[in-house]
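First up is the structure itself, then whatever we jot down about it.
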Amino acid sequence: MMDVSNPIADVVPSAHGPVLAVLASTSTPLTGRAIAELTRPRVSQPRVARILADLTEAGLVDRIQAGSASLFTLNREHLAARAVEDLATLRTRLWERIAEHAAEWTYPPEAIVVYGSTARGDGGTASDVDLLVVRPAAVDEDDPDWQRKLTALGFAVPRWTGNPCEILDRSREELRAMASAGERLLSEIRRDGRAIVGSMSLVPAPQAA
């Protein structure tokens, strides 16, 4: 299963992974302290210093002296840099692949929202990929083609990530009914969700009891 909060750990399981993920996310030179503060999961500053020394020796990281401080940046001319950047952006690539999948449906969903730990970025290898799929009004819940597309997406996501995929299939009308009933799940989706198709505005706020 993919570590949904730190995908690079699937291939680089040591503390080198979080350090490389930070360096891949920016072209701005950073101090070792700054890199340590940005690592997720957190890596201690002494450990980061040792890792940066290893990566600098390997040529994958450039060290720039700025007065008494040392700044570090990913050497994007290194042959391995592209692979590091690809690994660091796996979550974004997953969102793109889901959106591409949905765009090919006969009746594309009005929205797809990823929520839960995958959206928050605090999950792990055991986390599900939770998706809210907003069904178009013209499509019945039991429409065979719609159900085939949902099933295909439900099978595709685990193939792409290794993680189970849970799909919540609702129309706008059904979401409004959930809001009227005060469904707390809608609050979670609105708080943590990320729309990868459509807009978060289609998720209504639950009414207070």
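Using a 4.5 Å cut-off on side-chain heavy atoms (C-beta onward), D62 and L71 make no contact. You'll find the side chain of E110 stays beyond 4.5 Å of the side chain of V197, heavy atoms only. Side chains of W146 and P136 form a contact here, defined as non-hydrogen atoms less than 4.5 Å apart. Counting only heavy atoms from C-beta outward, the side chains of R176 and R170 never approach each other to under 4.5 Å. At a threshold of 4.5 Å between non-hydrogen side-chain atoms, the residues P204 and L186 count as touching. Here the side chains of I98 and L131 are in contact, with some heavy-atom distance below 4.5 Å. Put simply, the side chain of L132 reaches to within 4.5 Å of the side chain of L175, judged on heavy atoms. The shortest side-chain heavy-atom distance between L23 and V19 falls under the 4.5 Å cut-off.
Between G116 and D130, the shortest heavy-atom contact is CA-OD2, 4.4 Å. The heavy-atom pair separating G154 from C165 by the smallest distance is O-CB, 4.0 Å. Nearest approach of S27 to R76, heavy atoms of both residues: CA-NH1, 4.1 Å. Between V113 and G193 the shortest heavy-atom distance is CG1-CA, 3.9 Å. Nearest heavy-atom pair, P18 versus R40, reported as atom, atom and distance to 0.1 Å: CB-O, 4.0 Å. The two atoms that bring P29 and T73 nearest to each other are CA-CB, 4.3 Å, heavy atoms only.
For the atom pair CG (L185) and CG (L168), the distance works out to 6.5 Å, reported to the nearest 0.5 Å. Atom CD of residue E183 and atom CD1 of residue I189 lie 9.5 Å apart, to the nearest 0.5 angstrom. In this structure, the separation between CD1 on I35 and CD on Q45 is 10.0 Å, given to the nearest 0.5 Å.
W105 places a side-chain N or O within donor-acceptor distance of the main-chain N or O of H101, the cut-off being under 3.5 Å. Looking at T39, its side chain does come within 3.5 Å of a backbone N or O of A36 through a donor-acceptor pair. Panel note: side chain T118, backbone D128; a donor-acceptor pair is recorded below 3.5 Å. Using a distance-only test at 3.5 Å, with no hydrogens or angles considered, no donor-acceptor pair links the side chain of R33 to the main chain of L30. Judged purely by atom type and a 3.5 angstrom limit, D140 has no side-chain atom pairing as donor or acceptor with the backbone of D142. Between the side chain of T89 and the backbone N or O of T92, no donor-acceptor pair lies under 3.5 Å.
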Q. Does the side-chain hydrogen bond (donor to acceptor under 3.5 Å, both in side chains) test come out yes or no for D145 and T106, once each step is laid out?
A. CA-CA 8 Å; D145 183 68; T106 306; 3.1 Å; yes
(Q) side chain to side chain contact (heavy atoms under 4.5 Å, CB included), that's the test. Do R135 and D143 meet it? Break it down for me. (A) CA-CA 11 Å; R135 189 172 67 252; D143 179 273; over 6 Å; no
Q: Show your reasoning for whether side chain to side chain contact (heavy atoms under 4.5 Å, CB included) applies to L150 and V133.
A: CA-CA 9 Å; L150 287 177; V133 178; 4.0 Å; yes
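The neighbour count for R184 CZ, taken as heavy atoms of other residues, nucleotides or ligands under 6.0 Å away, does not exceed 12. Within 6.0 Å of the CD atom in Q65, the count of heavy atoms belonging to other residues, nucleotides or ligands exceeds 12. Residue I64 places its CD1 atom among more than 12 non-hydrogen atoms of other residues, nucleotides or ligands, all under 6.0 Å distant. Other residues, nucleotides and ligands place more than 12 heavy atoms under 6.0 Å from the CZ atom of R42.
Clustering ILVMFWY residues whenever any of their side-chain heavy atoms sit less than 4.5 angstrom apart, transitively, puts F72 in the very cluster that holds V84. Linking ILVMFWY residues whenever their side-chain heavy atoms come closer than 4.5 Å, directly or via other members, places L153 and V129 in the same cluster. By the criterion of side-chain heavy atoms lying less than 4.5 angstrom apart, applied directly or through intervening Ile, Leu, Val, Met, Phe, Trp or Tyr residues, Y115 is not grouped with W95; the two fall into different hydrophobic clusters. I112 and V139 end up in the same hydrophobic cluster when Ile, Leu, Val, Met, Phe, Trp and Tyr side chains are linked at under 4.5 Å. Hydrophobic clustering places I196 together with Y107 (ILVMFWY residues linked when any side-chain heavy atoms are closer than 4.5 Å, directly or through intermediates).
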Residues 50-61, side-chain donor-acceptor partners within the protein, below 3.5 Å, at least two apart:
unit_1 : atom_1 : unit_2 : atom_2 : d
T56    : OG1    : L52    : O      : 2.7

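Between the side chains of S171 and E141, no donor-acceptor pair of N or O atoms lies under 3.5 Å.
Annotation: side-chain hydrogen bond (donor to acceptor under 3.5 Å, both in side chains) contacts involving residues 191-202, sequence neighbours excluded, comprise R120-D192, S199-S201.
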